[in-house]
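Single-structure report; data block below.
As the structure is a computational prediction, the values presented were derived from the model and not from experiment.
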Amino acid sequence: MTDYFEVHERDGAARLGAVRLADPVTTPALADPFLDDAGSLWAGDREVPEGDESALTVLPHRSFPAGTRDEVRESFAVEHPDAEFPSAAVVDSRSARDLGADAYLLSDAQGFVGHGEAFRDAIVRAKESLPPDAALGLSGVATPRNVAVLAYAGVDLVDETLARTKGTQGMYLTADAAHFLEDLDELPCACPACAKSRSEFTRADCADHNANALRAELRRVRERIRSGRLRDYIEAQARHEGWLTAAFREFDDQWGYVEERTPLMRDAEVTAASAETLDRVEIRRFADRVTSRYRNRFTDQPLVLVPCSATKPYSDSQSHRQFHDAIQWRGHTVSMTSPIGVVPQELETTYPAQHYDSVVTGDWSEDEIGFVAEVLRRYLERNDYSRVIAHVPEDGYREICERVEGDPAVDVDFEYTCVDHPTTDESLGELNAALQGEPAYSKREREHNTVRAIADYLLGDGAGDDLFGGRGAGGGDGVDIERYGGEADVRTTGRYPKLQVWADDPDAGREGEPGEQLATMVPQYGTLSFTLAGARRWVESDAPTKRVEIDEFVPRGSVLAPGVVDAADEIRVGDEVVIEGPKAFAVGRAAMSGPEMAGATRGVAVEVRHADEK
């Protein structure tokens with residue numbers, strides 16, 4: 001059980017936490033000032049110290065370097081006592097296990113830091129074996145240049161050892177390089193250690209500078225985690241050293257580890273400034289859900305592909321208003337964009353569709369073209385349309401459409417209506433002409449399909465019809481009538497994007513209301529916020545339920561991790577969840593992932609919105 005470490009904020013695998021000492025320490029942090037090492041058992045027997053809350057005490061240990069055989073580890077394994085004070089245990093990445101400590105220091109760190117794949121494997125292996133709410137520390141490996149990547153991978157504690165050693169060897173370290181001290185004509189830093197002339201600057205000063213630079217970089221990392229922008233920083237920072245680039249890419253390939261720890265939504269904007277942006281969890285998750293969960297319900301209208309806009313959501317932009325004036329609800333509008341892929345109009349507010357900014361040059365890279373083409377191809381294989389009207393410019397967009405049109409797996413005709421630029425009178429006239437004779441869909445249909453599409457995206461394939469009606473109620477050619485199509489059995493009120501969803505039963509609601517309220521659309525993130533009635537309807541439906549099981553209490557405000565009995569593995573931070581226990585039924589938003597809820601002993605697991613006592 002972790003008593004003296006608590007995670008407060010998460011940015012992917014990176015965490016902002018607190019070592020709860022007499023003087024609390026915010027992590028990621030340097031552990032040197034508050035670490036008290038009881039010593040190595042290799043040198044002789046050690047007494048278990050009488051620790052207190054002034055320090056994090058490293059229990060007596062035997063460190064095993066990288067490559068130590070399993071039989072040696074087992075022969076010299078240490079029995080760890082139960083400590084009633086802040087404690088850290090020394091383990092290695094291959095045999096790490098829960099020892100009841102507040103922090104775990106990996107003794108084999110120097111064997112894998114510096115090698116991208118080995119670093120990823122060691123961190124993932126250790127994280128999967130240790131409690132989710134314990135701190136993870138690496139000793140003797142941190143520098144100003146690599147500490148951001150260490151934190152990005154999930155490391156909470158480091159030390160000054162390597163940085164100071166490098167200084168005494170005449171290596172001047174910065175966040176982007178390592179310089180031989182004798183090669184510097186002037187000092188590129190303004191820290192206290194560097195506040196002297198170059199001729200007076202000694203190797204001892206260099207060691208102090210390196211420690212200062214490491215502390216400064218950790219402050220920068222913590223602030224990036226607070227703002228949810230560490231990934232943006234890492235995409236640039238990792239390029240300063242080959243192994244950091246390799247490690248960064250290795251973690252992108254470790255989809256399950258990073259995805260489980262990445263929030264479903266957040267305030268931070270996604271900055272698309274490099275090719276690696278296409279590998280971000282937020283981008284890949286959106287593309288995957290659009291092509292595996294979302295289902296088009298505008299089955300009587302053709303698909304109209306349009307370019308994205310700098311203004312978000314797209315419908316607020318001048319160009320998209322011009323497109324709308326030409327389309328007039330006679331086509332289903334889907335925006336094409338890098339780095340996200342394709343964005344159906346119903347999901348234009350759903351994170352990250354209105355939370356990204358890309359570098360606009362007019363030129364598409366092959367990686368961008370390939371990614372968006374693959375997403376569009378998968379989208380068209382899943383959704384049936386009578387035809388595709390591609391109202392897109394030549395550069396990039398047209399090439400993507402032509403590539404998908406030529407794919408044997410895509411059986412739908414494409415028409416191109418853009419003459420020169422999508423918003424010229426001639427181009428808009430061509431778009432209008434291409435839609436002549438097509439039926440327009442109603443405001444009611446648009447709103448119902450929007451809330452059903454968001455439910456699909458959030459909860460799973462078919463969830464929109466399971467929750468809000470439409471299952472088995474009809475369907476067009478190519479549409480599974482057992483799952484899609486048909487009228488919704490709910491009502492919507494409010495003005496888009498602030499829609500409210502009500503059960504279509506006026507007698508069930510309070511006087512003056514159209515029925516019993518089920519959910520509200522949250523325009524900031526394009527998600528749904530359920531009421532208790534909506535949560536009960538969710539539980540009773542066939543839609544996948546993200547359930548948190550709690551102990552015998554009625555939650556008020558939040559559910560803390562110790563009160564969680566079990567939680568669904570698929571829950572992510574930001575998910576809507578149903579909370580059930582012997583004494584309560586509630587609904588709220590997850591503050592931890594499901595696996596973390598089930599394994600943690602500290603911290604807020606769920607922010608509770610509504611609760612009923614049974």
Side-chain angles (χ1 to χ4, degrees), residues 2 5 7 9-17 27-31 63-68 73 88-99 101-143 145-159 161-162 217-218 221-222 224-225 230-231 233-235 237-238 241-262 276 279-281 593 595-596 599-600:
T2 304
F5 180 71
V7 179
E9 297 182 48
R10 299 158 182 81
D11 186 4
R15 312 184 298 183
L16 200 69
T27 62
L30 290 173
S63 298
F64 297 102
T68 302
R73 289 191 184 91
V90 176
V91 297
D92 64 88
S93 62
R94 291 192 174 277
S95 59
R97 65 191 189 281
D98 184 357
L99 299 170
D102 302 290
Y104 295 84
L105 310 179
L106 299 187
S107 63
D108 54 342
Q110 295 179 39
F112 57 74
V113 171
H115 309 276
E117 183 178 5
F119 173 66
R120 179 204 66 188
D121 290 346
I123 295 297
V124 171
R125 199 164 47 233
K127 285 284 192 174
E128 289 177 345
S129 303
L130 296 173
D133 54 353
L136 181 67
L138 303 184
S139 177
V141 296
T143 68
R145 185 162 48 170
N146 71 22
V147 74
V149 172
L150 301 186
Y152 177 78
V155 176
D156 305 292
L157 300 172
V158 295
D159 61 21
T161 303
L162 181 59
E217 185 68 1
L218 280 165
V221 167
R222 289 193 295 268
R224 285 282 180 166
I225 295 173
L230 182 60
R231 169 70 187 220
Y233 182 63
I234 291 294
E235 287 187 15
Q237 185 65 14
E241 193 171 1
W243 89 266
L244 296 177
T245 305
F248 173 54
R249 292 174 178 171
E250 291 288 350
F251 275 97
D252 274 350
D253 290 339
Q254 194 74 26
W255 165 255
Y257 175 81
V258 183
E259 192 278 332
E260 178 185 309
R261 293 163 172 80
T262 301
E276 281 80 14
D279 294 321
R280 289 183 69 138
V281 165
S593 68
E596 186 176 5

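The closest donor-acceptor contact from the side chain of Arg261 to the backbone of Ala14 lies at 3.5 Å or more, if one exists at all. Under a 3.5 Å cut-off, the side chain of Tyr257 and the backbone N or O of Glu128 do not form any donor-acceptor pair. Proximity of a side-chain donor or acceptor of Ser93 to a complementary backbone N or O of Ala126 within less than 3.5 Å is not detected. Judged by distance alone, the side chain of Ser129 and the main-chain N or O of Arg97 form no donor-acceptor pair under 3.5 Å.
For the atom pair Glu217 CD and Arg145 CZ, the distance stands at 11.5 Å (nearest 0.5 Å). Rounded to the nearest 0.5 Å, atoms CD1 (Ile123) and CG (Leu138) are 5.0 Å apart. Atom CG of Leu16 sits about 6.5 Å away from atom OG1 of Thr27, to the nearest 0.5 Å. Leu162 contributes atom CG, which lies 7.5 Å from atom CG of Asn146 (distance to the nearest 0.5 angstrom). To the nearest 0.5 Å, the span separating CG on Asp133 from CG on Leu130 amounts to 10.5 Å. Rounding to the nearest 0.5 angstrom, the gap separating the CG atom in Asp279 from the CG atom in Asp253 is 7.0 Å.
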Please list, one pair per line, the donor and acceptor atoms closer than 3.5 Å that link side chains of residues 149-158 to other protein atoms, with sequence neighbours excluded.
from	atom 1	to	atom 2	distance (Å)
Tyr152	OH	Arg231	NH1	2.9
Asp156	OD1	Arg15	NE	3.4
Asp156	OD2	Arg15	NH2	2.7
Asp156	OD2	Leu136	N	2.9

side-chain contact (heavy atoms from CB on, under 4.5 Å) assessment of Trp255 paired with Val281: CA-CA 8 Å; Trp255 165 255; Val281 165; 4.0 Å; yes

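Closest non-hydrogen pair, Pro132 versus Ala600, comes out as CG-N, 3.7 Å. Shortest non-hydrogen contact noted between Gly140 and Thr161 is CA-CB, 4.1 Å. Closest non-hydrogen pair, Pro131 versus Tyr104, comes out as CD-CE1, 4.0 Å. For the residue pair Asp11 and Leu230, the shortest heavy atom distance occurs at OD2-N, 3.0 Å.
Taking the six-membered ring where tryptophan is involved, the planes of Phe251 and Phe119 are perpendicular, since the angle between them exceeds 60° and thus also 30°.
Open room surrounds CZ on Arg94; 12 or fewer heavy atoms of other groups in view lie less than 6.0 Å from it.
Scanning for side chain to side chain donor-acceptor pair (under 3.5 Å) contacts around Arg249 gives Glu276, with sequence neighbours left out.
Looking only at side-chain heavy atoms (C-beta outward), Leu99 and Val91 come within less than 4.5 Å of each other. Contact of the Gln237 side chain with the Arg224 side chain is not registered, since no non-hydrogen atoms from C-beta on lie closer than 4.5 Å. Counting heavy atoms from C-beta on, the side chains of Pro28 and Ile225 come closer than 4.5 Å. In this structure the side chain of Phe112 never reaches within 4.5 angstrom of the side chain of Asp121, judged on heavy atoms.
Side-chain N/O atoms of Ser139 and Asp159 include a donor and acceptor closer than 3.5 Å.
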